[in-house]
Chemist: 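Before we start, here is the structure in question, set down as structure tokens.
Given the structure is predicted, the values throughout are model-derived calculations rather than measurements. Residues take their numbers from the sequence shown, with the count starting at 1.
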Amino acid sequence: MLVRARNKRSRDAESAKDKEEEEIPHKPFVKVAAICGSLRKASYNRGLIRAAIELTNEQMQGVDVEYIEIAALPMMNTDLEVDGTYPAEVEAFREKVVKADSCLFASPDYNYSITPPLKNALDWGSRPPNVWAGKAAAVVSAVGGGRRAQLHLRQIGVFLDLHFINKPEFYLNAHRPPGKFNSNGDLVDSETKEKLKEMLISLQSFTLRLQGKS
């Protein structure tokens with residue numbers, strides 16, 4: 001009789017646990033398209049995107065960050081548009097952005113503004129239909145001067161109907177000790193990783209709020 005009583009309590013406990021897990025709401029899935037304005041392989045800004053991918057894979061639920069390469073995009077030229085279609089590289093790029101719920105940009109400062117590759121990607125994406133429209137966005141920079149590039153990117157985002165989170169802001173001075181990246185451009189500073197995670201959480205929440213799912 002004692003064994004039966006124990007078995008019954010065990011089954012009741014498992015049933016209660018299963019019911020509790022069913023009642024816990026799971027956050028909807030958010031897919032983030034990550035784009036880097038620097039083409040250098042060891043770029044610190046690329047390192048920030050790699051760190052974002054690692055953080056979402058290991059420490060966050062319901063977020064997937066996919067890095068989208070822009071180096072192969074031809075320079076924006078409407079002569080390349082044929083009957084409403086674009087070059088294969090452009091079509092592939094646009095399709096990935098369309099499938100994303102939000103965007104993460106990593107941008108260095110080139111002469112007080114964003115880089116030519118990033119502007120080129122933004123312009124290709126803006127061709128009809130505009131693939132950026134209605135998406136949440138965030139921007140990070142690995143150098144202090146990146147705040148100037150971030151301001152220009154936010155201004156461009158107004159016309160593209162991109163909705164950038166306001167807080168937290170994220171820009172570093174990667175060249176100021178202590179070192180935050182290794183020789184391969186990988187982020188190794190734990191405090192910086194925590195700040196990056198806070199920004200990703202903010203982007204996730206804002207994306208769901210724009211979609212009416214929060």
Chemist: If the condition is salt bridge (charged side-chain N to carboxylate O under 4.0 Å, His left out), which residues does Glu69 pass it with, not counting sequence neighbours?
Modeler: Arg46
Chemist: Nearest 0.5 angstrom please: Asp186 CG to Arg50 CZ, how far?
Modeler: 4.5 Å
Chemist: Is Val97 close to Trp124 at the side-chain level, that is, under 4.5 Å between some pair of heavy atoms?
Modeler: no
Chemist: So how far is it from Thr56 OG1 to Lys197 NZ, rounded to the nearest 0.5 Å?
Modeler: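 Answer rounded to 0.5 Å: 11.0 Å.
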Chemist: Leu118 versus Leu122: any side-chain heavy-atom pair under 4.5 Å?
Modeler: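 Answer yes - side chains close enough.
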Chemist: Quick one: which residue pairs count as a salt bridge (charged side-chain N to carboxylate O under 4.0 Å, His left out) with a foot in residues 72-85, not counting sequence neighbours?
Modeler: Glu81-Arg127
Chemist: What's the separation between atom CD in Glu58 and atom CD1 in Ile53, rounded to the nearest 0.5 Å?
Modeler: 11.5 Å
Chemist: Could you see if Ile49 belongs to whatever hydrophobic cluster contains Phe105? Use Ile, Leu, Val, Met, Phe, Trp, Tyr and a side-chain cutoff under 4.5 Å.
Modeler: no
Chemist: Among the clusters formed by ILVMFWY side chains lying less than 4.5 Å apart, do Ile70 and Leu80 turn up in the same one?
Modeler: yes
Chemist: If you define the side chain from C-beta out and look only at heavy atoms, does anything of Ile156 sit under 4.5 Å from Ile114?
Modeler: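 Yes, at least one pair of side-chain atoms sits under 4.5 Å.
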Chemist: Under the ring-ring contact (aromatic ring centres under 6.0 Å, His included) definition, can you give me all pairs with a residue in residues 172-192, not counting sequence neighbours?
Modeler: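 Only Tyr44-His175, Tyr44-Phe181 qualify under ring-ring contact (aromatic ring centres under 6.0 Å, His included).
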Chemist: Can you check whether Met75 reaches Asn120 side chain to side chain, under 4.5 Å on heavy atoms?
Modeler: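 Yes; the side chains approach each other to less than 4.5 Å.
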Chemist: Using a 6.0 Å cut-off, check whether atom CG of Asn77 has over 12 heavy atoms from anything other than its own residue.
Modeler: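 More than 12 heavy atoms, drawn from other residues, nucleotides or ligands, come within 6.0 Å of this atom.
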Chemist: Backbone N or O of Tyr110 within a donor-acceptor pair of the Ser113 side chain at under 3.5 Å?
Modeler: no
Chemist: Under 4.5 Å between any side-chain heavy atoms of Ser43 and Cys36, yes or no?
Modeler: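 A side-chain contact exists here, since the closest heavy-atom pair is under 4.5 Å.
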Chemist: Just grab all the salt bridge (charged side-chain N to carboxylate O under 4.0 Å, His left out) pairs involving residues 203-214, residues at least two apart or on different chains.
Modeler: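 The answer is none; no pair qualifies.
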Chemist: What I want to find out is whether Asp101 reaches Lys31 closely enough, with some N-O distance under 4.0 Å, to be called a salt bridge.
Modeler: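 Looking at Lys31 together with Asp101, the answer is no, because their closest N to O distance does not fall below 4.0 Å.
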Chemist: Taking Thr115 for the side chain and Gly37 for the main chain, is one N or O donor matched with an acceptor at less than 3.5 Å?
Modeler: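 At least one qualifying donor-acceptor pair exists.
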Chemist: If you define the side chain from C-beta out and look only at heavy atoms, does anything of Val30 sit under 4.5 Å from Ser102?
Modeler: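 In contact.
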Chemist: Before giving the answer on side-chain contact (heavy atoms from CB on, under 4.5 Å), spell out for Val90 and Leu73 the whole-Å C-alpha distance, their side-chain angles and the decisive distance to 0.1 Å.
Modeler: CA-CA 6 Å; Val90 176; Leu73 294 177; 4.1 Å; yes
Chemist: According to the salt bridge (charged side-chain N to carboxylate O under 4.0 Å, His left out) rule, which pairs have a member within residues 163-177, sequence neighbours left out?
Modeler: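 Pairs touching residues 163-177 that pass the test: none.
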Chemist: Would you list the atom pairs, donor with acceptor, under 3.5 Å between side chains in residues 188-196 and any protein atom, with sequence neighbours excluded?
Modeler:
unit_1	atom_1	unit_2	atom_2	d
Asp189	OD2	Thr192	N	2.9
Asp189	OD2	Thr192	OG1	2.6

Chemist: Can you pull out every salt bridge (charged side-chain N to carboxylate O under 4.0 Å, His left out) where at least one residue sits in residues 148-157? Sequence neighbours excluded, please.
Modeler: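 Qualifying pairs: Asp109-Arg148.
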Chemist: Could you note down all residue pairs passing side chain to side chain donor-acceptor pair (under 3.5 Å) where residues 132-147 supplies at least one of them, sequence neighbours left out?
Modeler: Ser141-Gln150
Chemist: Could you check if a side-chain atom of Leu48 sits within less than 4.5 angstrom of a side-chain atom of Leu172, using non-hydrogen atoms only?
Modeler: yes
Chemist: Could you name each residue pair satisfying ring-ring contact (aromatic ring centres under 6.0 Å, His included) that touches residues 190-213, not counting sequence neighbours?
Modeler: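 Applying ring-ring contact (aromatic ring centres under 6.0 Å, His included) to every pair that reaches into residues 190-213, excluding sequence neighbours, yields nothing.
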Chemist: So if you build clusters from Ile, Leu, Val, Met, Phe, Trp, Tyr with side-chain heavy-atom gaps below 4.5 Å, do Met199 and Tyr171 land together?
Modeler: no
Chemist: Are Leu151 and Phe170 linked, directly or through other ILVMFWY residues, by side chains that come within less than 4.5 angstrom of each other?
Modeler: no
Chemist: Tell me, please, which residues at least two apart from Asp161 pass salt bridge (charged side-chain N to carboxylate O under 4.0 Å, His left out).
Modeler: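 Partners of Asp161 under the salt bridge (charged side-chain N to carboxylate O under 4.0 Å, His left out) test: none.
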Chemist: With sequence neighbours excluded, tell me which residues meet salt bridge (charged side-chain N to carboxylate O under 4.0 Å, His left out) with Lys180.
Modeler: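 Lys180 satisfies salt bridge (charged side-chain N to carboxylate O under 4.0 Å, His left out) with no residue once adjacent residues are dropped.
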Chemist: Quick one: side chain to side chain donor-acceptor pair (under 3.5 Å) pairs with a partner in residues 85-96, sequence neighbours left out?
Modeler: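 Applying side chain to side chain donor-acceptor pair (under 3.5 Å) to every pair that reaches into residues 85-96, excluding sequence neighbours, yields Glu95-Lys99.
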Chemist: Heavy-atom distance under 4.5 Å between the side chains of Leu153 and Phe164, does that happen here?
Modeler: yes
